[in-house]
Structures are given as C-alpha cells and as structure tokens.
Amino acid sequence: MNDTSSDGLNGHGAENKGDNYDNSSSNGGGDDDIHTNLIVNYLPQSMKQDEFVQIFSSVGDLKSAHLVMNKNTGESLAYGFVNYKRREDAEQAISTLNGLKLGPKVIKVSHARPSSEEIKGANLYIAGLPKNMPLQQLESLFGKYGTIINSKIINDSIGGVGFIRYDKRVQAETAMKELNGNVPPGLEKPIVVKFANPTTSQSQQQQPQNNYILAANRFSPGPMRYPGPGSMRTGTANNRSNRFSPMGSVNPNMSAPAPPFYNSFEGSSGWCLYVYNLSPEVEEQHLWQLFGPFGAVQKVNIIKDPVTGNTKGYGFVTMSNRDEAEIAIHSLNGYALDNRVLQVSFKTNKKR
DNA sequence: CGACGGGACGC
DNA sequence: CGACGGGACGC
C-alpha cells in the first residue's frame, strides 16, 4: 500500500555492451553492475539461499546472489541481491519476477543502488503524527529533503508513527535537523524525528540493562504474585514489619494501590514506581544504584522532553516484586539525592 | 515551588 | 503486507 519506491537510478542505457567481462574496476565489482545488480525485497522469511538462487538463475546466468541474513542468528532478513552476467537478463528478471507471488508474499525486484556507505542508515522514525495522516502528506513534507525510497505510516488509537527511508543518509540527517521538534503545516503539535532503530522487528531486541539486573536479582523474577502477609523478603535493613498495608504511609496523595502492569516490551510484569524531584544531574544509572539494593529492578526511565532532551524532573522505576518495591518506597521516599528530596510512590494512572 | 513515560503500536 | 544495503581481489 505504501511502498513508494522511486529511485533516480534506473539505468535504461540502451547502449551497447551486453556481455560478461568487464574488468574496468573503478568501484568494486564492475561498472556494469548498475545494470545487472538487483535488489529483491519482501521475500518469504522461510526462503533459503538455494531457493533464492534457483528462482533467479532461471532467468539467466548469475555473477552472484546473496540472501541477506542476520549475522548472529543466520535468519533471513527477507531481502537479497542478485547480480546477473548480462544486463538483458537483469531486465528480464525485473519484468518477470517483480510482483511474483510467493505464498503470502509479493516480491519486489528492482535495480540495486550502487553500494556505498552513504546509503546506509537512511531510515527515519517519525513520532507524533495525527491519527490517519495520509502517507502522501508525510511524503510531501519529507520529500523536500531528498529522494524517498520507502515510506510507511503505522496508526493506532492515539495517532501515528511513520518511517521515511531516504536514498542517502545525509538527506535523512538534513530532514531530521529541519523537522525534528517542528509543527509541520496542518499539524497541531511538534513531531519527533530521529533515526529509526536498525532492527525493529520481532524476536529479541533490546535487553541492554537486563543483564546486570539479573546479577542483582538473587530471586527468581517469576510471575507476578501477590505476597501474603508472611511472604516477605528479608535481608534489607528497613524491613521492620513483615506486613505491608496496601498503601503504607508512603504518599498521601496516592489514591489506590498501584496495579501490576504488564510490560509488553520486556514481556514481564512488575511494579512501577514514580520518582519525583530528580535534579537534572541525576541519570538513570544512579537510580539503578539507588533502587537495586531493594530488589530486582526491571527498568529505569527518566523522562525527558523528546525534542529538547531536557529532563522533566521525574522518572519511573519498575521492580519485579511488590514487597521489595514497598521497601524501596519506604526507604527512598524523602531521601535526599543531589540536594533534592525525592518523592517515591507507586505510579498512579493519571495520564492513562 | 512542583506533580505520573514511552507512543517502534497496524494490517 | 513486508526488514533496502551482502560481500569484497587469498583457499
């Protein structure tokens, strides 16, 4: 649907030279590659290298073919390159294989841009789009800064996020500088524009800090459970009582016990604490250090303005176990950090 | 004094 | 609908 794929480099050179050998090596591989090297997108994930070769070699002799794979896992990344010996075969491959249905997939076969560093990492992520913004509108906004190779908008009930892949990374950088934090014509709030994550797919992704969390977590995180009065954890100095009232006396403003929340990002549940009055100097690592001794910490997040990067003075700490979270609250609410008195409580749902 | 994210989500 | 940047002159 939204698969803009205009590229300004379709060589239709109806020249001469339709042959194999061309060792005038100026930029790695042969000058004719611009006519013979193709990129194939939207392959079925299950396709293997040999099937890939088989399909494309049916059209003509190949110089090379690479199904691109994840280096670590060996999984297909669902795209690849084929380089034909003859340019007419490459053209033939485009005309006969582009749009080919392979199971649920419709593959795309097109000329590959010459390989270079400058085309890498040219994908932008755009947040803050209104719900159901036309892709066309996004493209016309971003099209000023370069050739768009691919674009996409994802909508949900809140609004949309978009992706714009440029031909060149510098174009993406320019667009980001120009548009990040701006309110584009017709929109009502600023958009956030940054480089897209390199791999935004399924399966394993970020677990950056989880490793050393685990080191500090001597207790199995386990599924969420509601500890009865007796199921306390000892070993922390502040654990005077072995019973915790649902509210404790932590924060009089708090109106309800914090619900457990499901952290779909990491696929686990936990208890989210609200930490207020952070000085600008305080970083997430400090909160890890501060809360870590009380039990397993899953996540720390200090909130910043997405545009300016300035801290908003509060953050969230997610802990695995309610009893440990309560101890942390009892212990750290009122604690002076960097000359500011912290307020620590279970997170409420003021904005959700 | 001041006060509750993140939209990486969908079809 | 969907992951567009491999590999690479020497085994």
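Throughout, a chain's letter reflects where its sequence line sits, starting with A, and its residues are numbered from 1. What you see is a predicted model; the values in this text were computed from it and never measured.
Using a 4.0 Å heavy-atom criterion, one finds that A:G315 contacts no nucleic acid atom at all. Here A:K101 lies out of heavy-atom contact (under 4.0 Å) with every strand. If you check every strand for non-hydrogen atoms under 4.0 Å, A:A127 touches a base. Nucleic acid contact class of A:L129 (heavy atoms, under 4.0 Å, all strands): base. Residue A:G313 is classed as having no contact, given no heavy-atom separation below 4.0 Å to the nucleic acid. Nucleic acid contact for A:G80: none, since no nucleic acid atom lies under 4.0 Å from a heavy atom of the residue. As judged by a 4.0 angstrom heavy-atom cut-off over every strand, A:N155 is placed among residues touching the sugar-phosphate backbone only. Across all strands shown, A:Y125 has heavy atoms under 4.0 Å from base atoms, whether or not it also approaches the sugar-phosphate.
One finds a side-chain N or O of A:N41 lying less than 4.0 angstrom from the OP1 or OP2 phosphate oxygen of C:dC4. A sub-4.0 Å separation between OP1 or OP2 of C:dC1 and a side-chain N or O of A:K105 is absent.
The CG-C1' distance, from A:L135 to B:dC11, rounds to 14 Å in whole Å. Between A:I107 atom CD1 and C:dC1 atom C1' there is a gap of 14 Å when expressed in whole angstrom units. In this structure, the OH atom of A:Y274 is 13 Å from the P atom of B:dG2, given to the nearest Å. A straight line from CG of A:N277 to C1' of B:dC4 spans 14 Å, rounded to a whole angstrom. Following rounding to the nearest Å, A:L77 (CG) and C:dC4 (C1') show an atom-to-atom distance of 11 Å. Summarising the geometry, the separation between CG on A:L124 and C1' on B:dA8 is reported as 14 Å, rounded to the nearest angstrom. If you measure from atom NZ of A:K152 to atom C1' of B:dA8, you get 10 Å, rounded to the nearest angstrom. C:dA3 atom P lies 16 Å from atom CE of A:M47, rounded to whole Å.
Within the 4.5 Å cutoff, side-chain heavy atoms of A:F142 are placed close to those of A:V193.
Annotation: salt bridge (charged side-chain N to carboxylate O under 4.0 Å, His left out) contacts involving residues 114-128 of chain A, sequence neighbours excluded, comprise A:E117-A:K120, A:E118-A:K168. Within the structure, ring pair (Phe, Tyr, Trp, His ring centres under 6.0 Å) pairs that include any residue of residues 74-106 of chain A do not occur (at least two apart or interchain).
Between C:dC4, B:dC9, B:dC4, one nucleotide has an atom nearer to the side chain of A:K108 than all others, and that is C:dC4.
Other residues, nucleotides and ligands contribute over 12 non-hydrogen atoms within 6.0 Å of the CG atom of A:D61.
By the side chain to side chain contact (heavy atoms under 4.5 Å, CB included) test, A:K105 pairs with A:P44, sequence neighbours left out. Every residue two or more places apart in sequence or in another chain was checked for a side chain to side chain contact (heavy atoms under 4.5 Å, CB included) with A:S115, and none qualifies. Legend: residues meeting side chain to side chain contact (heavy atoms under 4.5 Å, CB included) with A:N301, ordered by chain and number and at least two apart, are A:E284, A:I303.
Remark: A:R340 fails to qualify as a cation-pi partner of A:Y276 under the 6.0 Å distance and 45° angle criteria applied to the six-membered ring.
In terms of position along DNA chain C, the nucleotide closest to A:V106 lies nearer the 5' end than the nucleotide closest to the other residue of the pair A:E117 and A:V106.
Glycosidic conformation of B:dG7 is syn; the angle stays within 90° of 0.
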Find every protein N or O atom lying less than 3.5 Å from an N or O atom of nucleotides 5-7 of chain C, and list the pairs.
| residue | atom | partner | partner atom | Å |
| --- | --- | --- | --- | --- |
| C:dG5 | OP2 | A:R165 | NH1 | 3.3 |
| C:dG5 | N7 | A:R113 | NH2 | 2.8 |
| C:dG5 | O6 | A:R113 | N | 3.3 |
| C:dG5 | O6 | A:R113 | NE | 2.3 |
| C:dG5 | O6 | A:R113 | NH2 | 3.0 |
| C:dG5 | N1 | A:R113 | N | 3.2 |
| C:dG5 | N1 | A:R113 | O | 2.8 |
| C:dG5 | N2 | A:R113 | O | 2.7 |
| C:dG6 | OP2 | A:K120 | NZ | 3.2 |
| C:dG6 | O6 | A:N37 | ND2 | 2.8 |
| C:dG6 | N2 | A:S115 | OG | 3.0 |
| C:dG7 | O6 | A:S115 | OG | 2.6 |

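For the P atoms, the distance linking C:dG6 with B:dC4 amounts to 44 Å, nearest Å.
The aromatic ring of A:Y276 is not stacked on the base of B:dG2, since the criterion of ring centres less than 5.5 Å apart with planes inclined by under 30° is not met.
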